[in-house]
Every structure is written in structure tokens, then in C-alpha cells.
Amino acid sequence: MPGPKDAKAELASLRSKIDKIDHKLLDLLNRRGEIARQIGTVKNTHGLAIVEPGREQQVVSGMIAANRGPLPADSIERIFAGIMIEMRNLQREGKE
């Protein structure tokens, strides 16, 4: 029967995997942020609105449709809503 020592080793291994994924997520978010800044520059140069509700809903809907779990749709919606808030903030940086 596996004991607490085995559980600790298994948890350490699983947490190491999570840490690697988190670093990849961070890299991807920062890459997305760089593109968002470029989009903000284009929008600011041409006097376009930063917030595009239709586009944002399209992104969220697309992510929900592509989701294969285990996260439920409402979690995906909240996660991407938060991401978009931060991307909008980056787009606004060049305007202020």
C-alpha cells in the first residue's frame, strides 16, 4: 500500500508538470500581449475603438466551441474575458 511518501513524490511530479505548463501559458500570454499592442497601435493610428464587443464574443464563442474539457464553458468564458480585459489595457497604453 502506497504511503504518504509516495503521495508526496507523486504530487511533486504533478506540480512540476503544472509549473512547466504555467511557464508556457505565461509565454503565450506575453506573445498575445505583444500582438495586442500592435493592434492597439493600428487602432490608435486610425481612430478606431479599442473595444470591439463583436470580436470579443467571436473569440470567446470560438474557444468555447473548441473546448474539449475538463473546464466547463463558463470557466472558459471567464478566463478569456479576463485575458481580453488585460489585452485591452495593453492596447490603450499607446493612447494615454
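Residue indices begin at 1 and follow the sequence shown. What you see below is based on every heavy atom in this structure, not just the backbone, and it leaves out hydrogens, waters and symmetry mates.
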Check: residues 59-67 side-chain donor-acceptor pairs under 3.5 Å, at least two apart:
unit_1: S61; atom_1: OG; unit_2: Q57; atom_2: O; d: 2.9
unit_1: S61; atom_1: OG; unit_2: Q57; atom_2: NE2; d: 2.9
unit_1: N67; atom_1: OD1; unit_2: G69; atom_2: N; d: 3.0
unit_1: N67; atom_1: ND2; unit_2: L71; atom_2: O; d: 2.6

Taken to the nearest 0.5 Å, the spacing of K24 NZ from D19 CG works out to 12.5 Å
Item to check | R78 with D74: basic N within carboxylate O range, under 4.0 Å | outcome: yes
Sorted by chain and number, sequence neighbours left out, salt bridge (charged side-chain N to carboxylate O under 4.0 Å, His left out) with E10 holds for none
| query | Are any side-chain N or O atoms of S13 and backbone N or O atoms of A9, one a donor and one an acceptor, separated by less than 3.5 Å? | reply | no
Side chain to side chain donor-acceptor pair (under 3.5 Å) filter on E56, not counting sequence neighbours, yields R88
Please determine whether side chain to side chain contact (heavy atoms under 4.5 Å, CB included) holds for the pair N44 and I50, giving the CA-CA distance in whole Å, both sets of side-chain angles, and the decisive distance to 0.1 Å. CA-CA 8 Å; N44 290 327; I50 294 296; 3.8 Å; yes
To the nearest 0.5 Å, atom CZ of R32 lies from atom CZ of R37 at 14.0 Å
Contacts of H23 meeting side chain to side chain contact (heavy atoms under 4.5 Å, CB included) (sequence neighbours excluded), chain-then-number -> none
Contacts of E52 meeting side chain to side chain donor-acceptor pair (under 3.5 Å) (sequence neighbours excluded), chain-then-number -> K43
CG (L90) and CD1 (I85) are apart, to the nearest 0.5 Å, by 12.5 Å
- Query: Going only through I, L, V, M, F, W and Y residues with side-chain contacts under 4.5 Å, is there a path from L29 to I76?
  - Reply: yes
Rounding to 0.5 Å, atoms CE (M84) and CD1 (I79) come to a distance of 11.5 Å
So CD of E93 and CD of Q91: to nearest 0.5 Å the spacing works out to 10.5 Å
R31 meets the salt bridge (charged side-chain N to carboxylate O under 4.0 Å, His left out) criterion, sequence neighbours left out, with D27
CG of D6 to CG of L11, rounded to nearest 0.5 Å, is 11.0 Å
